[in-house]
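The structure appears below as structure tokens.
All chains are named by letter (A, B, ...) in the order of the sequence lines, taking the proteins before the strands, and each is independently numbered beginning at 1.
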2 protein chains.
Amino acid sequence: MYAHTTSKIALPSHLQPSSLSAALDSVPLQPVSFFSAGTEIYAQGEKAGAFYQIEFGAVRIYRLLADGRRQISAFHLAGETFGFEADTTHHFFAEAINATGVRVFRLTAGADMSRQLLPLALKGLTRAQEHLLVLGRQNAIERVAAFLVDMVERQGGLRQVELPMSRMDIGDYLGLTIETVSRVFTRLKDNGVIRLLNLRSIEILKQDVLQDMGE
Amino acid sequence: MYAHTTSKIALPSHLQPSSLSAALDSVPLQPVSFFSAGTEIYAQGEKAGAFYQIEFGAVRIYRLLADGRRQISAFHLAGETFGFEADTTHHFFAEAINATGVRVFRLTAGADMSRQLLPLALKGLTRAQEHLLVLGRQNAIERVAAFLVDMVERQGGLRQVELPMSRMDIGDYLGLTIETVSRVFTRLKDNGVIRLLNLRSIEILKQDVLQDMGE
DNA sequence: CGCCTCGTTGACTGAATTCAAACCCTGTGG
DNA sequence: CCACAGGGTTTGAATTCAGTCAACGAGGCG
């Protein structure tokens, strides 16, 4: 696994440490580890004991069934934090989607981080529960719309959105096949809701329509 | 809303405060509030600021879409804790499924409960993320099997399982219709995997088969 | 006893998957 | 500079699993 270390990097304004991450301001700054595209950050069953803040890049958190079916439970973008566990072992896999830099905060035996971690855990819990509604009760168009709206919001509400992940990743996040994801993108394009600039970046033409679709 | 107060009640052994709840041992014991079947404990949008431990009964946590579609994100049984929020407002609804007694722990401005709440939040996060796999990637039989296995485990691994909730609730938890839930129960019955003692209690005849189905 | 809700069963429909083929970026090497 | 891979993506046709609509059955409560 490719991973080495460097110093702090400047981030665009909307990627600056958020109110959530601000909770970690009191913690001594850690060096940055690099992960190239597709490399594992941790695996299910591995011993846990750290959490991770993304400096740049994107990460997918997922689980597998025995026959290879995969469910991505979350994407994490620059500025976000992930990796804390209820147990002493990881219950999920974490992989870099693209070249990614993460700050690793090791949990030392003595120090109590619960005050910093609780708001992050609660935010994650709310997000997961909201995603349950999407997977349990929304159809393909609504799922993709909800995903795009979420990506827009997390990238500062700009018209143009970068999708760091493949169609396969999007499908495995939304509980759909790549074909269905592709067909929905085409449908949104034909209806003038979005415009595909290239495979990984789209322009939102009708934000309101998208918003309504994703509820 | 029907809710009044009484003193502590004895619980069967497998419903005794678990290791999780044990974290609350240091907190002064609160009186018990009663909620009759179908009554609201809190609503989405309401001001949060407490958490709840179930003495007896069962609770559903859910969200609604504008057109009435409902997704139950979690069931909580006796001994379990719920209701903490990332925000100062509730993002979900909580309702008593049956006659239910809950101990309400109000979060006071000064006291810091993060040490007690973090493990509960992390456990909830793991459960929610595992449920995402069920909703995103498993078919109807697998979903019901996973649900039954979960209920068995939470009721101490006994052969006989009580289902405090209706088929509608199960459907809204598993992202299925009541008809599909009913058909799957019938299929499991016909295959000799379970036996329906009555509508709300089933006997597990082939635990291993069920386990494999739910992955 | 009879109502009324909840659950089951059946026939049909439809949205998403599966299987298969074509297309198109993006990087590589001639 | 252009041809050529090769992966990822799109499109099409056929299939299937769960949903919908509708009728029937069973259990619980007044």
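- Checking the phosphate oxygens (OP1, OP2) of C/dT18, no side-chain nitrogen or oxygen of A/T177 falls inside 4.0 Å.
- Figure legend: cation-pi geometry between B/R154 and B/F75 absent, as NZ or CZ is not positioned both under 6.0 Å from the six-membered ring centre and within 45° of its axis.
- Within the nucleic acid shown, B/N139 comes within 4.0 Å of sugar-phosphate atoms alone, with no base atom in reach, counting heavy atoms only.
- Here the C1' atom of nucleotide C/dG10 and the CD atom of B/E179 are 11 Å apart, to the nearest Å.
- Projected onto DNA chain C by closest heavy-atom contact, A/L199 and B/T186 fall at different nucleotides, the more 5' of which corresponds to B/T186.
- Between A/D172 atom CG and D/dT9 atom P there is a gap of 12 Å when expressed in whole angstrom units.
- You'll find that the side chain of B/T180 is closest to D/dG19, out of D/dG19, C/dA16, D/dT10.
- Whole-Å rounding puts the A/K189 NZ to D/dT11 C1' distance at 11 Å.
- Nearest nucleotide to the side chain of B/R167, out of C/dT8, C/dA16, D/dT9: C/dT8.
- Contact check on A/E215 versus A/R137 returns no salt bridge, with no Lys/Arg side-chain nitrogen under 4.0 Å from an Asp/Glu carboxylate oxygen.
- Here the P atom of nucleotide D/dT9 and the CZ atom of A/R183 are 15 Å apart, to the nearest Å.
- There is a side-chain donor-acceptor pair under 3.5 Å between A/H90 and A/E85.
- In the set C/dT8, D/dT10, C/dG7, D/dT10 carries the atom at the smallest distance from any side-chain atom of A/S182.
- Atom CD1 of B/I170 and atom P of C/dC6 are 14 Å apart (whole Å).
- Looking at heavy-atom distances under 4.0 Å, B/G175 makes contact with sugar-phosphate atoms alone, never a base.
- The pair A/R70-A/D169 meets the salt-bridge criterion, with a side-chain N (NZ, NE, NH1 or NH2) lying under 4.0 Å from an Asp/Glu carboxylate O.
- B/F34 and B/F56 have their aromatic ring centers within a separation under 6.0 angstrom.
- Atom pair B/L174:CG and D/dG19:P shows a separation of 11 Å (rounding to whole Å applied).
- In this structure, B/R137 atom CZ and C/dT18 atom C1' are separated by 13 Å, rounded to whole Å.
- Straight-line distance from the CD1 atom of A/I178 to the P atom of C/dA21: 16 Å, rounded to whole Å.
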